[in-house]
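Just so you know, these numbers come straight off a predicted model, no measurement behind them. Residue numbers start from 1 in every chain, and the chains themselves are labelled A, B, ... in the order their sequence lines are given, proteins ahead of strands.
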There are 2 protein chains.
Amino acid sequence: MRISQLSAETDVPIPTIKYYLREGLLPSGEQTSATRAEYGEAHVRRLRLIRALLEVGRLPIASIAKVLAAVDDEELGMHRVLGTAHYAIAPATTPPPDGEEWQRARDEADRLITGLGWRIEPWAPAREELAQALYTLARLGMPMDEESLRPYTRAVETLVEHEIGILPLDGPRETAVERLVIGTVMHGRVLDVLRRLAHESASARFFGVAPGENGDKAHTDS
Amino acid sequence: MRISQLSAETDVPIPTIKYYLREGLLPSGEQTSATRAEYGEAHVRRLRLIRALLEVGRLPIASIAKVLAAVDDEELGMHRVLGTAHYAIAPATTPPPDGEEWQRARDEADRLITGLGWRIEPWAPAREELAQALYTLARLGMPMDEESLRPYTRAVETLVEHEIGILPLDGPRETAVERLVIGTVMHGRVLDVLRRLAHESASARFFGVAPGENGDKAHTDS
DNA sequence: ATATTCGGATAGTACAGCTACCCAATGGGT
DNA sequence: ACCCATTGGGTAGCTGTACTATCCGAATAT
(Lines give C-alpha, C1' and ligand atoms only; values in the text may rest on other atoms or scores of the structure.)
Protein backbone atom coordinates (compact mmCIF):
# COMPACT_ATOMS: atom_id res chain seq x y z
CA MET A 1 0.00 0.00 0.00
CA ARG A 2 1.04 3.62 -0.47
CA ILE A 3 1.46 6.18 2.25
CA SER A 4 -1.98 7.66 1.64
CA GLN A 5 -3.64 4.32 2.25
CA LEU A 6 -1.51 3.74 5.33
CA SER A 7 -2.73 7.10 6.57
CA ALA A 8 -6.35 6.26 5.83
CA GLU A 9 -6.03 2.87 7.50
CA THR A 10 -4.65 4.27 10.77
CA ASP A 11 -6.19 7.74 10.95
CA VAL A 12 -2.72 9.24 11.19
CA PRO A 13 -2.16 12.24 8.88
CA ILE A 14 0.47 11.82 6.17
CA PRO A 15 2.74 14.60 7.49
CA THR A 16 2.71 12.90 10.87
CA ILE A 17 3.67 9.57 9.30
CA LYS A 18 6.52 11.33 7.54
CA TYR A 19 7.54 12.80 10.87
CA TYR A 20 7.57 9.35 12.48
CA LEU A 21 9.68 8.04 9.60
CA ARG A 22 12.16 10.87 10.16
CA GLU A 23 12.30 10.18 13.87
CA GLY A 24 12.94 6.51 13.26
CA LEU A 25 9.71 5.34 14.91
CA LEU A 26 8.48 3.72 11.74
CA PRO A 27 10.69 1.75 9.32
CA SER A 28 10.51 3.12 5.79
CA GLY A 29 8.53 1.14 3.27
CA GLU A 30 10.10 -0.92 0.56
CA GLN A 31 11.37 1.43 -2.12
CA THR A 32 9.86 0.38 -5.43
CA SER A 33 11.35 3.35 -7.23
CA ALA A 34 13.00 6.67 -6.46
CA THR A 35 9.74 8.31 -5.51
CA ARG A 36 7.60 5.37 -4.49
CA ALA A 37 7.57 3.07 -1.49
CA GLU A 38 5.36 0.18 -0.53
CA TYR A 39 4.00 -0.23 3.00
CA GLY A 40 2.52 -3.38 4.46
CA GLU A 41 0.49 -4.80 7.31
CA ALA A 42 3.52 -4.55 9.59
CA HIS A 43 3.54 -0.78 9.13
CA VAL A 44 -0.11 -0.57 10.08
CA ARG A 45 0.55 -2.60 13.23
CA ARG A 46 3.61 -0.54 14.08
CA LEU A 47 1.75 2.72 13.59
CA ARG A 48 -1.05 1.56 15.86
CA LEU A 49 1.51 0.59 18.47
CA ILE A 50 3.12 4.03 18.25
CA ARG A 51 -0.21 5.75 18.73
CA ALA A 52 -1.03 3.49 21.67
CA LEU A 53 2.23 4.25 23.41
CA LEU A 54 1.81 7.93 22.62
CA GLU A 55 -1.87 8.56 23.35
CA VAL A 56 -2.61 6.02 26.04
CA GLY A 57 0.86 5.43 27.44
CA ARG A 58 1.80 9.13 27.19
CA LEU A 59 5.36 8.26 26.26
CA PRO A 60 7.38 10.99 24.54
CA ILE A 61 8.34 10.32 20.93
CA ALA A 62 12.01 9.90 21.82
CA SER A 63 11.20 7.21 24.39
CA ILE A 64 8.96 5.38 21.93
CA ALA A 65 11.85 5.34 19.49
CA LYS A 66 14.07 3.66 22.06
CA VAL A 67 11.45 1.09 22.99
CA LEU A 68 10.79 0.20 19.36
CA ALA A 69 14.49 -0.07 18.64
CA ALA A 70 14.72 -2.57 21.48
CA VAL A 71 11.68 -4.46 20.20
CA ASP A 72 13.25 -4.73 16.76
CA ASP A 73 16.66 -5.80 18.03
CA GLU A 74 16.61 -9.57 17.63
CA GLU A 75 19.71 -9.81 19.79
CA LEU A 76 17.91 -8.60 22.89
CA GLY A 77 16.26 -11.02 25.25
CA MET A 78 12.84 -10.44 26.75
CA HIS A 79 14.15 -9.10 29.98
CA ARG A 80 16.32 -6.52 28.25
CA VAL A 81 13.45 -5.28 26.07
CA LEU A 82 11.24 -5.01 29.11
CA GLY A 83 13.97 -3.09 30.87
CA THR A 84 14.11 -0.63 27.99
CA ALA A 85 10.36 -0.23 28.15
CA HIS A 86 10.50 0.38 31.89
CA TYR A 87 13.25 2.89 31.42
CA ALA A 88 11.23 4.67 28.74
CA ILE A 89 8.04 4.76 30.77
CA ALA A 90 9.80 6.37 33.68
CA PRO A 91 9.20 10.09 33.37
CA ALA A 92 12.32 12.23 33.72
CA THR A 93 12.72 12.86 37.42
CA THR A 94 14.32 16.10 38.51
CA PRO A 95 15.82 15.10 41.83
CA PRO A 96 16.07 17.95 44.30
CA PRO A 97 19.69 18.95 44.92
CA ASP A 98 18.81 18.52 48.55
CA GLY A 99 21.05 16.52 50.76
CA GLU A 100 19.95 14.71 53.84
CA GLU A 101 16.21 14.27 53.61
CA TRP A 102 16.40 13.21 49.97
CA GLN A 103 19.14 10.72 50.70
CA ARG A 104 17.02 9.26 53.46
CA ALA A 105 14.13 8.82 51.02
CA ARG A 106 16.42 7.05 48.56
CA ASP A 107 17.69 4.74 51.27
CA GLU A 108 14.16 4.08 52.44
CA ALA A 109 13.14 3.18 48.89
CA ASP A 110 16.10 0.86 48.49
CA ARG A 111 15.46 -0.75 51.85
CA LEU A 112 11.84 -1.31 50.91
CA ILE A 113 12.75 -2.97 47.63
CA THR A 114 15.29 -5.20 49.34
CA GLY A 115 12.84 -6.04 52.09
CA LEU A 116 10.32 -7.22 49.53
CA GLY A 117 12.91 -9.50 48.00
CA TRP A 118 12.49 -7.79 44.64
CA ARG A 119 15.24 -8.19 42.12
CA ILE A 120 15.79 -4.69 40.77
CA GLU A 121 18.84 -3.32 38.98
CA PRO A 122 20.61 -0.73 41.13
CA TRP A 123 20.31 1.88 38.38
CA ALA A 124 16.61 1.30 37.67
CA PRO A 125 14.94 4.70 37.27
CA ALA A 126 11.90 3.44 39.16
CA ARG A 127 14.02 3.45 42.33
CA GLU A 128 14.44 7.18 41.97
CA GLU A 129 10.76 7.60 41.20
CA LEU A 130 9.73 5.68 44.27
CA ALA A 131 12.10 7.74 46.38
CA GLN A 132 10.70 10.94 44.90
CA ALA A 133 7.14 9.89 45.63
CA LEU A 134 7.94 8.89 49.21
CA TYR A 135 10.01 12.02 49.75
CA THR A 136 7.23 14.23 48.46
CA LEU A 137 4.59 12.46 50.51
CA ALA A 138 6.71 12.89 53.63
CA ARG A 139 7.19 16.60 52.94
CA LEU A 140 3.43 16.93 52.54
CA GLY A 141 2.87 15.39 55.95
CA MET A 142 1.63 12.04 54.68
CA PRO A 143 4.62 9.74 55.11
CA MET A 144 4.28 6.13 54.00
CA ASP A 145 6.30 3.39 55.57
CA GLU A 146 6.67 -0.27 54.70
CA GLU A 147 3.56 -1.03 56.70
CA SER A 148 1.27 1.44 54.94
CA LEU A 149 2.70 0.44 51.57
CA ARG A 150 1.91 -3.22 52.13
CA PRO A 151 -1.55 -3.18 50.51
CA TYR A 152 -0.01 -1.67 47.41
CA THR A 153 2.90 -4.06 47.19
CA ARG A 154 0.65 -7.03 47.73
CA ALA A 155 -1.70 -5.84 45.03
CA VAL A 156 1.01 -5.31 42.43
CA GLU A 157 2.67 -8.64 43.19
CA THR A 158 -0.61 -10.41 42.49
CA LEU A 159 -1.23 -8.44 39.31
CA VAL A 160 2.22 -8.86 37.90
CA GLU A 161 2.23 -12.58 38.53
CA HIS A 162 -0.98 -12.73 36.57
CA GLU A 163 0.39 -10.59 33.74
CA ILE A 164 3.52 -12.69 33.36
CA GLY A 165 1.41 -15.82 33.39
CA ILE A 166 -0.60 -14.91 30.31
CA LEU A 167 2.39 -14.09 28.07
CA PRO A 168 2.37 -15.99 24.77
CA LEU A 169 5.84 -17.47 25.07
CA ASP A 170 5.23 -20.24 22.55
CA GLY A 171 4.81 -17.89 19.59
CA PRO A 172 7.48 -15.98 17.67
CA ARG A 173 9.75 -13.59 19.58
CA GLU A 174 8.28 -10.48 17.97
CA THR A 175 4.76 -11.27 19.11
CA ALA A 176 5.79 -12.00 22.67
CA VAL A 177 8.00 -8.94 22.93
CA GLU A 178 5.36 -6.66 21.48
CA ARG A 179 2.73 -7.93 23.89
CA LEU A 180 5.12 -7.57 26.75
CA VAL A 181 5.62 -3.91 25.92
CA ILE A 182 1.96 -3.29 25.26
CA GLY A 183 1.03 -4.96 28.51
CA THR A 184 3.61 -3.07 30.50
CA VAL A 185 2.34 0.26 29.29
CA MET A 186 -1.35 -0.31 28.74
CA HIS A 187 -2.17 -2.37 31.80
CA GLY A 188 -0.63 0.35 33.89
CA ARG A 189 -3.04 2.84 32.40
CA VAL A 190 -5.98 0.48 32.84
CA LEU A 191 -5.08 0.00 36.48
CA ASP A 192 -4.81 3.75 36.99
CA VAL A 193 -8.14 4.48 35.35
CA LEU A 194 -9.88 1.71 37.29
CA ARG A 195 -8.40 3.05 40.50
CA ARG A 196 -9.82 6.48 39.84
CA LEU A 197 -13.20 5.03 38.95
CA ALA A 198 -13.22 2.97 42.14
CA HIS A 199 -12.16 6.08 44.01
CA GLU A 200 -15.04 8.09 42.66
CA SER A 201 -17.49 5.34 43.39
CA ALA A 202 -16.22 4.91 46.94
CA SER A 203 -16.34 8.65 47.45
CA ALA A 204 -19.93 8.77 46.26
CA ARG A 205 -20.91 5.93 48.56
CA PHE A 206 -18.91 7.11 51.53
CA PHE A 207 -19.98 10.73 51.47
CA GLY A 208 -23.55 9.67 50.92
CA VAL A 209 -24.36 11.39 47.69
CA ALA A 210 -27.42 10.17 45.89
CA PRO A 211 -26.78 9.22 42.26
CA GLY A 212 -27.28 12.29 40.09
CA GLU A 213 -26.53 14.78 42.85
CA ASN A 214 -23.05 16.05 43.36
CA GLY A 215 -22.54 16.57 47.05
CA ASP A 216 -22.29 20.30 47.65
CA LYS A 217 -24.49 23.30 48.14
CA ALA A 218 -23.31 25.52 45.31
CA HIS A 219 -24.09 23.66 42.15
CA THR A 220 -21.63 25.52 40.01
CA ASP A 221 -20.38 23.41 37.16
CA SER A 222 -17.07 24.88 36.03
CA MET B 1 8.44 36.11 55.25
CA ARG B 2 9.31 37.77 51.96
CA ILE B 3 9.24 36.20 48.54
CA SER B 4 12.97 35.52 48.57
CA GLN B 5 12.70 33.51 51.75
CA LEU B 6 9.66 31.65 50.40
CA SER B 7 11.77 30.79 47.39
CA ALA B 8 14.68 29.61 49.54
CA GLU B 9 12.34 27.54 51.73
CA THR B 10 10.78 25.65 48.85
CA ASP B 11 13.56 25.58 46.23
CA VAL B 12 11.23 27.25 43.77
CA PRO B 13 12.83 30.18 41.86
CA ILE B 14 11.30 33.61 42.45
CA PRO B 15 10.22 34.09 38.80
CA THR B 16 8.41 30.78 39.00
CA ILE B 17 6.64 31.84 42.19
CA LYS B 18 5.59 35.02 40.43
CA TYR B 19 4.33 32.91 37.55
CA TYR B 20 2.27 30.78 39.91
CA LEU B 21 0.86 33.94 41.49
CA ARG B 22 -0.13 35.20 38.05
CA GLU B 23 -1.75 31.88 37.17
CA GLY B 24 -3.72 31.88 40.40
CA LEU B 25 -2.09 28.75 41.80
CA LEU B 26 -0.75 30.59 44.80
CA PRO B 27 -2.70 33.22 46.75
CA SER B 28 -0.80 36.49 46.98
CA GLY B 29 0.80 37.35 50.28
CA GLU B 30 -0.53 39.98 52.62
CA GLN B 31 0.32 43.38 51.20
CA THR B 32 2.17 45.35 53.87
CA SER B 33 2.84 48.22 51.49
CA ALA B 34 2.76 49.00 47.80
CA THR B 35 5.93 47.06 47.13
CA ARG B 36 6.02 44.59 49.96
CA ALA B 37 4.05 41.48 50.79
CA GLU B 38 4.25 39.00 53.62
CA TYR B 39 4.04 35.25 53.04
CA GLY B 40 3.40 32.62 55.66
CA GLU B 41 3.55 28.93 56.43
CA ALA B 42 0.41 28.37 54.39
CA HIS B 43 2.20 29.61 51.29
CA VAL B 44 5.06 27.20 51.87
CA ARG B 45 2.60 24.33 52.20
CA ARG B 46 0.69 25.39 49.12
CA LEU B 47 3.84 25.72 47.08
CA ARG B 48 4.92 22.25 48.09
CA LEU B 49 1.50 20.92 47.12
CA ILE B 50 1.76 22.60 43.73
CA ARG B 51 5.17 21.08 43.10
CA ALA B 52 3.91 17.66 44.18
CA LEU B 53 0.95 17.78 41.81
CA LEU B 54 3.21 19.11 39.06
CA GLU B 55 6.33 16.95 39.40
CA VAL B 56 4.97 13.72 40.78
CA GLY B 57 1.35 13.93 39.65
CA ARG B 58 2.30 15.41 36.25
CA LEU B 59 -0.78 17.62 36.24
CA PRO B 60 -0.72 20.61 33.90
CA ILE B 61 -0.66 24.03 35.58
CA ALA B 62 -4.19 24.81 34.45
CA SER B 63 -5.54 21.63 36.06
CA ILE B 64 -3.71 22.34 39.28
CA ALA B 65 -5.35 25.74 39.36
CA LYS B 66 -8.78 24.12 39.12
CA VAL B 67 -8.01 21.58 41.82
CA LEU B 68 -6.71 24.22 44.19
CA ALA B 69 -9.70 26.45 43.55
CA ALA B 70 -11.90 23.52 44.56
CA VAL B 71 -9.79 22.85 47.64
CA ASP B 72 -10.14 26.47 48.71
CA ASP B 73 -13.86 26.64 48.06
CA GLU B 74 -15.39 26.14 51.49
CA GLU B 75 -18.77 25.60 49.90
CA LEU B 76 -17.71 22.38 48.23
CA GLY B 77 -18.15 19.05 49.90
CA MET B 78 -15.52 16.36 49.92
CA HIS B 79 -17.06 14.47 47.06
CA ARG B 80 -17.15 17.51 44.82
CA VAL B 81 -13.52 18.38 45.50
CA LEU B 82 -12.50 14.81 44.77
CA GLY B 83 -14.51 14.95 41.59
CA THR B 84 -12.61 18.05 40.53
CA ALA B 85 -9.33 16.31 41.29
CA HIS B 86 -10.38 13.29 39.27
CA TYR B 87 -11.41 15.49 36.42
CA ALA B 88 -8.06 17.30 36.56
CA ILE B 89 -6.01 14.12 36.69
CA ALA B 90 -7.69 12.75 33.62
CA PRO B 91 -5.46 13.59 30.69
CA ALA B 92 -7.21 15.17 27.72
CA THR B 93 -8.42 12.27 25.60
CA THR B 94 -8.64 12.75 21.87
CA PRO B 95 -11.36 10.31 20.98
CA PRO B 96 -11.08 8.91 17.46
CA PRO B 97 -13.86 10.19 15.21
CA ASP B 98 -14.46 6.55 14.45
CA GLY B 99 -17.92 5.21 14.63
CA GLU B 100 -18.81 1.67 15.37
CA GLU B 101 -15.80 0.09 17.02
CA TRP B 102 -15.28 3.09 19.26
CA GLN B 103 -18.92 3.15 20.28
CA ARG B 104 -18.69 -0.52 21.14
CA ALA B 105 -15.70 0.22 23.39
CA ARG B 106 -17.63 2.99 25.13
CA ASP B 107 -20.58 0.71 25.69
CA GLU B 108 -18.29 -2.05 26.91
CA ALA B 109 -16.72 0.37 29.41
CA ASP B 110 -20.13 1.53 30.62
CA ARG B 111 -21.36 -2.04 30.92
CA LEU B 112 -18.30 -2.95 32.91
CA ILE B 113 -18.76 -0.08 35.34
CA THR B 114 -22.41 -0.91 35.79
CA GLY B 115 -21.63 -4.58 36.24
CA LEU B 116 -19.24 -3.77 39.05
CA GLY B 117 -21.92 -1.78 40.79
CA TRP B 118 -19.76 1.31 40.77
CA ARG B 119 -21.43 4.65 41.21
CA ILE B 120 -19.89 6.83 38.51
CA GLU B 121 -21.24 10.05 37.05
CA PRO B 122 -22.26 9.58 33.42
CA TRP B 123 -19.96 12.40 32.32
CA ALA B 124 -16.91 11.23 34.26
CA PRO B 125 -13.86 11.57 32.01
CA ALA B 126 -12.48 8.29 33.34
CA ARG B 127 -15.25 6.50 31.43
CA GLU B 128 -13.83 7.83 28.21
CA GLU B 129 -10.32 6.93 29.30
CA LEU B 130 -11.30 3.37 30.11
CA ALA B 131 -13.02 3.08 26.78
CA GLN B 132 -9.95 4.44 25.01
CA ALA B 133 -7.67 1.96 26.77
CA LEU B 134 -9.94 -0.99 25.99
CA TYR B 135 -10.43 0.16 22.41
CA THR B 136 -6.70 0.52 21.89
CA LEU B 137 -5.94 -2.84 23.48
CA ALA B 138 -8.51 -4.49 21.22
CA ARG B 139 -7.01 -2.85 18.12
CA LEU B 140 -3.60 -4.12 19.19
CA GLY B 141 -4.91 -7.65 19.39
CA MET B 142 -4.97 -7.87 23.17
CA PRO B 143 -8.65 -7.39 24.04
CA MET B 144 -9.64 -7.38 27.70
CA ASP B 145 -13.05 -8.45 28.80
CA GLU B 146 -14.73 -8.33 32.19
CA GLU B 147 -13.11 -11.63 33.07
CA SER B 148 -9.53 -10.59 32.35
CA LEU B 149 -10.10 -7.25 34.06
CA ARG B 150 -11.26 -8.91 37.26
CA PRO B 151 -7.83 -9.07 38.95
CA TYR B 152 -7.47 -5.34 38.36
CA THR B 153 -10.88 -4.36 39.58
CA ARG B 154 -10.52 -6.51 42.68
CA ALA B 155 -7.15 -4.96 43.42
CA VAL B 156 -8.36 -1.37 43.12
CA GLU B 157 -11.47 -2.05 45.17
CA THR B 158 -9.32 -3.29 48.01
CA LEU B 159 -6.90 -0.40 47.75
CA VAL B 160 -9.52 2.29 47.55
CA GLU B 161 -11.40 0.92 50.50
CA HIS B 162 -8.16 1.14 52.44
CA GLU B 163 -7.45 4.69 51.25
CA ILE B 164 -10.86 5.96 52.22
CA GLY B 165 -10.52 4.27 55.57
CA ILE B 166 -7.45 6.24 56.62
CA LEU B 167 -8.86 9.70 55.82
CA PRO B 168 -8.66 12.14 58.75
CA LEU B 169 -12.31 13.10 58.82
CA ASP B 170 -12.22 14.39 62.38
CA GLY B 171 -9.86 17.28 61.61
CA PRO B 172 -10.61 20.58 59.89
CA ARG B 173 -12.05 20.48 56.39
CA GLU B 174 -8.93 21.90 54.78
CA THR B 175 -6.71 19.15 56.12
CA ALA B 176 -9.03 16.38 55.05
CA VAL B 177 -9.61 17.84 51.62
CA GLU B 178 -5.91 18.42 51.04
CA ARG B 179 -5.05 14.86 52.01
CA LEU B 180 -7.81 13.54 49.84
CA VAL B 181 -6.33 15.31 46.84
CA ILE B 182 -2.77 14.38 47.72
CA GLY B 183 -3.77 10.76 48.21
CA THR B 184 -5.72 10.62 44.98
CA VAL B 185 -2.79 11.85 42.96
CA MET B 186 0.22 10.53 44.85
CA HIS B 187 -1.01 7.05 45.71
CA GLY B 188 -1.73 6.55 42.05
CA ARG B 189 1.88 7.31 41.25
CA VAL B 190 3.12 5.08 44.05
CA LEU B 191 1.00 2.22 42.76
CA ASP B 192 2.29 2.74 39.25
CA VAL B 193 5.92 2.81 40.31
CA LEU B 194 5.50 -0.26 42.48
CA ARG B 195 3.86 -2.10 39.63
CA ARG B 196 6.79 -1.39 37.36
CA LEU B 197 9.24 -2.46 40.04
CA ALA B 198 7.34 -5.70 40.59
CA HIS B 199 7.25 -6.14 36.84
CA GLU B 200 11.00 -5.80 36.53
CA SER B 201 11.57 -8.16 39.42
CA ALA B 202 9.20 -10.76 38.02
CA SER B 203 10.81 -10.43 34.61
CA ALA B 204 14.26 -10.97 36.12
CA ARG B 205 13.07 -14.03 37.99
CA PHE B 206 10.99 -15.46 35.18
CA PHE B 207 13.52 -15.04 32.42
CA GLY B 208 16.20 -16.43 34.67
CA VAL B 209 18.68 -13.60 34.68
CA ALA B 210 21.26 -13.69 37.39
CA PRO B 211 21.43 -10.48 39.43
CA GLY B 212 23.94 -8.17 37.79
CA GLU B 213 23.54 -9.62 34.31
CA ASN B 214 21.03 -8.26 31.91
CA GLY B 215 19.74 -11.11 29.87
CA ASP B 216 21.01 -10.61 26.35
CA LYS B 217 24.07 -11.26 24.28
CA ALA B 218 24.95 -7.77 23.11
CA HIS B 219 25.75 -5.80 26.23
CA THR B 220 25.10 -2.38 24.75
CA ASP B 221 23.82 0.01 27.35
CA SER B 222 21.26 2.65 26.32
C1' DA C 1 0.64 14.30 -22.17
C1' DT C 2 -0.48 16.12 -18.26
C1' DA C 3 -2.41 16.36 -13.68
C1' DT C 4 -1.72 13.86 -9.40
C1' DT C 5 0.71 11.83 -6.06
C1' DC C 6 4.85 10.47 -3.98
C1' DG C 7 9.13 10.80 -1.09
C1' DG C 8 12.20 13.85 0.97
C1' DA C 9 13.48 18.10 3.09
C1' DT C 10 12.98 22.64 5.40
C1' DA C 11 10.58 25.78 7.90
C1' DG C 12 6.81 27.23 10.63
C1' DT C 13 3.07 26.59 14.32
C1' DA C 14 0.91 25.94 18.91
C1' DC C 15 1.16 25.11 23.48
C1' DA C 16 3.33 24.50 28.07
C1' DG C 17 6.23 26.01 31.59
C1' DC C 18 9.11 28.70 32.74
C1' DT C 19 12.95 32.70 32.59
C1' DA C 20 14.81 37.32 31.74
C1' DC C 21 14.36 41.95 31.81
C1' DC C 22 12.57 46.37 33.03
C1' DC C 23 10.43 49.70 36.00
C1' DA C 24 9.19 52.57 39.84
C1' DA C 25 8.52 52.30 44.75
C1' DT C 26 10.18 51.17 48.93
C1' DG C 27 12.94 50.50 53.24
C1' DG C 28 16.69 48.96 56.10
C1' DG C 29 21.38 49.93 57.16
C1' DT C 30 24.50 53.81 57.85
C1' DA D 1 18.63 61.84 55.58
C1' DC D 2 20.56 59.06 52.18
C1' DC D 3 21.09 55.34 48.99
C1' DC D 4 21.33 50.97 47.00
C1' DA D 5 19.40 46.25 47.16
C1' DT D 6 14.90 44.17 47.04
C1' DT D 7 9.96 43.91 45.88
C1' DG D 8 5.78 43.66 43.09
C1' DG D 9 4.12 44.00 38.65
C1' DG D 10 4.25 43.55 33.87
C1' DT D 11 5.85 42.21 29.23
C1' DA D 12 8.59 39.67 26.30
C1' DG D 13 11.54 35.86 25.21
C1' DC D 14 13.17 31.06 25.62
C1' DT D 15 13.11 25.87 25.39
C1' DG D 16 11.13 21.60 24.31
C1' DT D 17 7.57 18.68 22.17
C1' DA D 18 4.64 17.19 18.61
C1' DC D 19 3.23 18.13 14.96
C1' DT D 20 1.80 20.86 10.27
C1' DA D 21 2.59 23.42 5.96
C1' DT D 22 4.98 24.18 1.98
C1' DC D 23 8.08 23.29 -1.59
C1' DC D 24 10.43 20.47 -5.03
C1' DG D 25 11.36 17.41 -8.61
C1' DA D 26 10.44 12.68 -10.11
C1' DA D 27 7.16 9.23 -11.45
C1' DT D 28 2.83 7.31 -12.27
C1' DA D 29 -2.10 7.06 -13.50
C1' DT D 30 -5.33 8.32 -17.07
Side-chain angles (χ1 to χ4, degrees), chain A residues 1-40 43 47 49-68 88-94 96, chain B residues 1-40 43 47 49-68 88-94 96:
Chain A
M1 75 182 74
R2 289 160 305 212
I3 199 174
S4 52
Q5 197 183 341
L6 181 60
S7 166
E9 202 93 11
T10 56
D11 276 319
V12 178
I14 292 180
T16 305
I17 294 179
K18 289 183 175 182
Y19 169 64
Y20 292 162
L21 286 166
R22 282 200 301 281
E23 297 297 315
L25 298 194
L26 192 66
S28 28
E30 199 193 341
Q31 290 279 128
T32 62
S33 83
T35 65
R36 200 88 3 158
E38 184 71 12
Y39 300 91
H43 291 92
L47 213 33
L49 177 54
I50 292 170
R51 298 302 273 196
L53 297 181
L54 184 72
E55 293 173 354
V56 183
R58 314 265 143 187
L59 301 196
I61 294 287
S63 303
I64 296 176
K66 283 183 203 159
V67 173
L68 295 181
I89 293 170
T93 43
T94 317
Chain B
M1 77 181 71
R2 291 160 301 211
I3 198 173
S4 51
Q5 198 182 341
L6 181 61
S7 166
E9 203 92 12
T10 55
D11 277 319
V12 178
I14 292 180
T16 304
I17 295 179
K18 287 184 175 182
Y19 169 62
Y20 291 162
L21 287 167
R22 282 201 301 281
E23 296 297 315
L25 299 194
L26 193 66
S28 29
E30 200 193 341
Q31 291 276 131
T32 62
S33 84
T35 64
R36 200 86 9 155
E38 183 72 11
Y39 300 90
H43 291 90
L47 213 35
L49 178 55
I50 292 169
R51 297 303 271 197
L53 296 180
L54 186 71
E55 293 173 354
V56 184
R58 316 264 142 186
L59 301 197
I61 295 286
S63 302
I64 296 176
K66 282 184 203 156
V67 173
L68 294 179
I89 292 170
T93 44
T94 317

Counterpart residues, side-chain hydrogen bond (donor to acceptor under 3.5 Å, both in side chains), relative to Arg36(A) (two or more places apart):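 Per chain and number, Arg36(A) pairs via side-chain hydrogen bond (donor to acceptor under 3.5 Å, both in side chains) with no residue.
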
Sugar-phosphate or base contact per nucleotide [nucleotides 18-30 of chain C; S, B, -; heavy atom under 4.0 Å]: BB-----BBS---

In this structure, how many angstroms lie between the [atom2] atom of [N] and the [atom1] atom of [X], rounded?
X	N	atom1	atom2	result
Ile17(A)	dG8(C)	CD1	P	13 Å
Gln5(A)	dC6(C)	CD	C1'	14 Å
Glu38(A)	dC6(C)	CD	P	12 Å
Ile3(A)	dT5(C)	CD1	P	14 Å
Leu6(A)	dC6(C)	CG	C1'	13 Å

Is there side-chain contact between [X] and [Y], with at least one heavy-atom pair below 4.5 Å?
X	Y	value
Thr10(A)	Arg51(A)	no
Ile89(A)	Ser63(A)	no
Leu68(A)	Leu49(A)	yes
Tyr19(B)	Leu25(B)	no
Tyr39(A)	Leu47(A)	no

Covered region of DNA chain D, 5' end to 3' end, by chain A [heavy atoms, under 4.0 Å]: dA18(D) to dT28(D)

Sugar-phosphate only, base, or nothing, as touched by Ser4(B) at under 4.0 Å among non-hydrogen atoms: sugar-phosphate

Glu38(B) CD: over 12 foreign heavy atoms closer than 6.0 Å: yes

Any donor-acceptor N/O pair, Gln31(B) side chain to Ala37(B) backbone, under 3.5 Å: no

